[in-house]
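What follows is one structure encoded as structure tokens, with my remarks underneath.
The figures that follow rest on heavy atoms only: side chains count, while hydrogens, waters and symmetry mates do not. Ligands are counted one by one from 1 in listed order, and the atoms in each one are counted from 1 as well.
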Amino acid sequence: MAEPIRITRAATLKTHPKDSELGFGTVFTDHVFVMDYREGKGWYDPRVEPYGPFGLDPAAAVLHYAQSVFDGLKAFRGRDGQVRLFRPQKHIERMNNSAKRMCIPPLDPELALRSLVALVGLDRDWVPSSRGHALYVRPTIIATEPFLGVRPAHAYLYFVILSPVGAYYPEGMNPVKILVVDQYVRAVEGGVGAAKTSGNYAASLYAAEEAKHQGYTQVLWLDGVHRRYLDEVGTMNIMVKIGDEVATPPLTGAILPGVTRDSVLTLLREWGLRVRERQVSIDEVWAASKQGTLREVWGTGTAAVISPVGELSHKGERIVINGGRIGELTQKLYDAIVAIQYGEASDTHGWLVTV
Ligand code: COI
């Protein structure tokens, strides 16, 4: 029998900001989903509680060795009033893969799905209704055992928080300026680049700050071995359209298997476009720009969905993509995915779970 989820409702509810006041990840809803793990006992006591701070031992392993994973997905409110989660099973599958890589015990996928549906269901009034706004869902697992030896912890906490959000980048759908870095790398094959683990994001900050100081929104990472092949753009997967082919780096261990990446590749193939998962060197991008065949560049991710790249800068040289304007295919992809998310286009892939 499915394990019941205990629910303790918040005694007082917070006031909701207007959709127009929402940025990304600053406002949190009334409840949190929590579940504990202990070695020998497994995952136990799934519950929803009022949102609030956790008590955590100062020796908790996560605070010292960053043994933690997270994921990020969204719930949308359609014009019909229905609330839908976008590809929650795919996100759970990815979180469990991240967990395995970080020696964290995976969740029962069925219970994990119920945790998302139960929490979003209880806080459904928080799901924004205007286009470009959604409820961001952040499932996370952290190692809680108080122990300073370096080995997988024997105790964990799984929790889910919800945040009503607007655009991830202040630019919204306006093309962003990106600095190509070759002094720092995000990941190497054999490392943890394919896992959504907290340390990857901490490790990315220094290069991103340098780029910001130079007036760029984010960095384009190159591969960690040759410092030559495209890796990711900021926290997003990258895609380039050169001539009539769309290319994106293959999932060889360094690249995060993005759910939006997968959705975009699925749509492009259905539309009959030439798509290849292959290595793309920065030299190829520059040469294509010189030859006039670099048509569009964009990032894909849950937070921003699709983010057009308008400009790249590398070793002091700058290229402008599509005149710095959003490309036709970039816009078409954004519109198609958003239409599915808000329940306006039919969900032919079974990507939506109604809450
Ligand atoms: C995404 O959804 O694109 C991200 O990875 C960003 C998130 C870490 C805020």
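Residue A303 places at least one N or O, backbone or side chain, under 3.5 Å from an N or O of ligand 1.
Atoms of ligand 1 found under 4.0 Å from any heavy atom of Y201 (numbered from 1 in listed order, with element): 8 (C). Residue-ligand proximity, T302 to ligand 1, at heavy-atom distances under 4.0 Å covers atoms 1 (C), 2 (O), 3 (O). Under a 4.0 Å criterion applied to the non-hydrogen atoms of F24, ligand 1 contributes the atoms 9 (C). Each of the following atoms of ligand 1 lies closer than 4.0 Å to a heavy atom of G301: 3 (O).
R295 places no side-chain N or O within 3.5 Å of a backbone atom of K241 that could act as its donor or acceptor partner.
Ranked by closest heavy atom to atom 5 (O) of ligand 1, the top entry among R261, K196, M236, R138 is K196.
Of all protein heavy atoms, the one lying nearest to atom 4 (C) of ligand 1 is T235 OG1, 3.6 Å.
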Using a 3.5 Å cut-off and no angle test, enumerate the donor-acceptor pairs between side-chain atoms of residues 52-70 and protein atoms at least two apart in sequence or in another chain.
residue : atom : partner : partner atom : Å
D57     : OD1  : A59     : N            : 2.8
H64     : NE2  : P58     : O            : 2.8
Y65     : OH   : L148    : O            : 2.7
Q67     : OE1  : A153    : N            : 3.2
Q67     : OE1  : Y156    : OH           : 3.4
Q67     : NE2  : M102    : O            : 3.0
Q67     : NE2  : C103    : O            : 3.1
Q67     : NE2  : Y156    : OH           : 2.8
S68     : OG   : S198    : OG           : 2.4

Validation: residues 325-334 side-chain donor-acceptor distances under 3.5 Å, sequence neighbours left out:
residue : atom : partner : partner atom : Å
T330    : OG1  : E296    : OE1          : 2.6
Q331    : NE2  : D335    : OD1          : 3.1

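Y136 has its ring centre less than 6.0 Å from the ring centre of F24.
No side-chain donor-acceptor contact under 3.5 Å links Q82 and T354.
Ring-plane geometry between H226 and Y229 is classed as perpendicular, the angle between the planes exceeding 60 degrees on a 0 to 90 degree scale with a lower cut at 30.
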